[in-house]
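Below: the structure, in structure tokens.
For the single chain, residues carry numbers from 1 onward in sequence order. Note: hydrogens, waters and symmetry copies are ignored here, and every other heavy atom, side chains too, is used. Given the structure is predicted, the values throughout are model-derived calculations rather than measurements.
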Amino acid sequence: MNRRLFIRNAATFALGFPLAASLTSITPAFAAGEVTDQDRILGDTNAPVTMIEYASLTCPHCANFHQNVMPDIKKNWLDTGKARLVYRHMPLDGVALRGAIIAECFEGDRYFSFLDLLFKQQQMWAFGGDPMAGLQKIALLAGMNKERFDECLNNEEIANRIITQARDGKAVFGINSTPSFVINGDVYPGGRDYDAMNDLLEDAS
């Protein structure tokens with residue numbers, strides 16, 4: 001979904017943190033071109049093909065990809081050990097940033113399950129008129145109580161990490177739209193159907 005990135009302003013306005021002032025002093029925890037233990041990985045960590053996805057939780061094209069394309073990729077590539085998915089947040093607005101922060105408070109399989117739920121219910125929580133109430137409702141369904149929800153939402157370290165990751169993605173790979181994919185180092189912006197994604201993964205094998 002082609003939109004300009006307003007990460008800095010969105011972070012400051014939406015979260016009430018002085019993040020804009022601190023961005024210049026943040027040292028990235030990892031180079032955007034490398035996969036590290038801070039990355040969220042779905043599939044065999046030793047798979048020969050690495051697909052890095054940059055996505056925003058408020059991007060309809062990202063939601064379409066996760067609902068209609070990802071299931072077949074998971075079945076045919078991730079579950080078979082032929083590829084691994086590295087998911088990285090690229091929040092296009094304050095709502096997406098908030099959703100990303102809450103997602104980062106989930107561990108293991110619950111993380112990707114929560115992402116799937118957010119994409120599936122995107123219209124309800126992100127565009128339903130009260131994003132925070134919708135997000136909290138989904139988090140509650142996923143097992144996160146209000147106290148934990150508020151604690152996560154006010155976690156400046158997580159917010160900084162997400163913003164830095166998005167900034168590095170733009171600086172290293174030129175990512176400026178979502179979804180965008182980096183497959184074994186090659187960048188492919190824009191959503192694709194399964195056949196097109198399968199061809200890209202086959203070429204990288």
Side-chain angles (χ1 to χ4, degrees), residues 1-3 5-7 10-11 13-15 17 38-43 51-75 78 84-166 169 175 177-181 190-194 197:
M1 183 177 184
N2 293 321
R3 298 180 185 174
L5 299 179
F6 293 110
I7 302 298
F13 176 77
L15 300 177
F17 292 136
Q38 291 198 28
D39 273 308
R40 301 290 193 146
I41 301 174
L42 187 62
M51 180 175 72
I52 303 174
E53 177 189 4
Y54 284 90
S56 173
L57 292 171
T58 55
C59 160
H61 295 294
C62 300
N64 178 70
F65 177 80
H66 276 264
Q67 291 180 72
N68 299 314
V69 181
M70 182 56 73
D72 285 333
I73 290 179
K74 184 177 184 300
K75 175 183 176 182
L78 307 185
R84 62 178 177 171
L85 171 71
V86 178
Y87 182 92
R88 292 179 179 173
H89 296 287
M90 179 65 71
L92 299 179
D93 49 49
V95 174
L97 180 58
R98 291 175 176 182
I101 291 171
I102 298 301
E104 286 299 312
C105 286
F106 287 94
E107 297 296 336
D109 293 340
R110 297 179 66 200
Y111 173 80
F112 284 100
S113 294
F114 187 65
L115 288 183
D116 287 342
L117 189 57
L118 289 179
F119 281 125
K120 183 177 181 180
Q121 300 293 330
Q122 186 187 79
Q123 286 297 318
M124 184 277 289
W125 74 271
F127 305 111
D130 191 344
M132 288 307 301
L135 180 59
Q136 185 174 341
K137 181 178 180 180
I138 293 177
L140 181 63
L141 291 173
M144 180 182 290
N145 61 32
K146 186 180 186 303
E147 181 179 3
R148 178 61 173 157
F149 181 87
D150 292 339
E151 178 186 348
C152 288
L153 193 63
N154 289 283
N155 190 314
E156 186 171 352
E157 180 181 355
I158 292 177
N160 281 342
R161 187 168 68 243
I162 292 169
I163 296 165
T164 300
Q165 186 179 75
I175 306 295
S177 64
T178 59
S180 286
F181 304 91
R192 289 168 169 80
D193 61 19
Y194 174 74
M197 290 299 299

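- The distance from the CG atom of L115 to the CD1 atom of I102 is 12.5 Å, given to the nearest 0.5 Å.
- Rounding to the nearest 0.5 angstrom, the gap separating the CZ atom in R88 from the CD1 atom in I162 is 13.5 Å.
- The shortest side-chain heavy-atom distance between I158 and C105 falls under the 4.5 Å cut-off.
- Between the CG atom in L42 and the CZ atom in R40 there is a gap of 11.5 Å [rounded to 0.5 Å].
- Atom-to-atom distance recorded for H89:NE2 and E53:CD is 10.5 Å, nearest 0.5 angstrom.
- D72 contributes atom CG, which lies 10.5 Å from atom CE of M70 (distance to the nearest 0.5 angstrom).
- Proximity of L57 to F119: side-chain heavy atoms (C-beta onward) are separated by under 4.5 Å at one or more points.
- At least one side-chain heavy atom of Q38 sits less than 4.5 Å from a side-chain heavy atom of R161.
- Residues K74 and F112 fail the side-chain proximity criterion, which asks for heavy atoms closer than 4.5 Å.
- Listed for the S180 side chain is no donor-acceptor partner under 3.5 Å among the backbone atoms of I175.
- More than 12 heavy atoms of other residues, nucleotides or ligands lie within 6.0 Å of CG in D130, so this atom counts as buried by the packing criterion.
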Taking only distance into account, with no hydrogens and no angle test, what donor-acceptor pairs under 3.5 Å do side-chain atoms of residues 131-145 form with protein atoms, sequence neighbours excluded?
{"residue": "N145", "atom": "OD1", "partner": "E147", "partner atom": "N", "Å": "3.3"}
{"residue": "N145", "atom": "OD1", "partner": "R148", "partner atom": "N", "Å": "2.7"}

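- Separating the CD1 atom in I52 from the CZ atom in R84 is a distance of 8.0 Å, to the nearest 0.5 Å.
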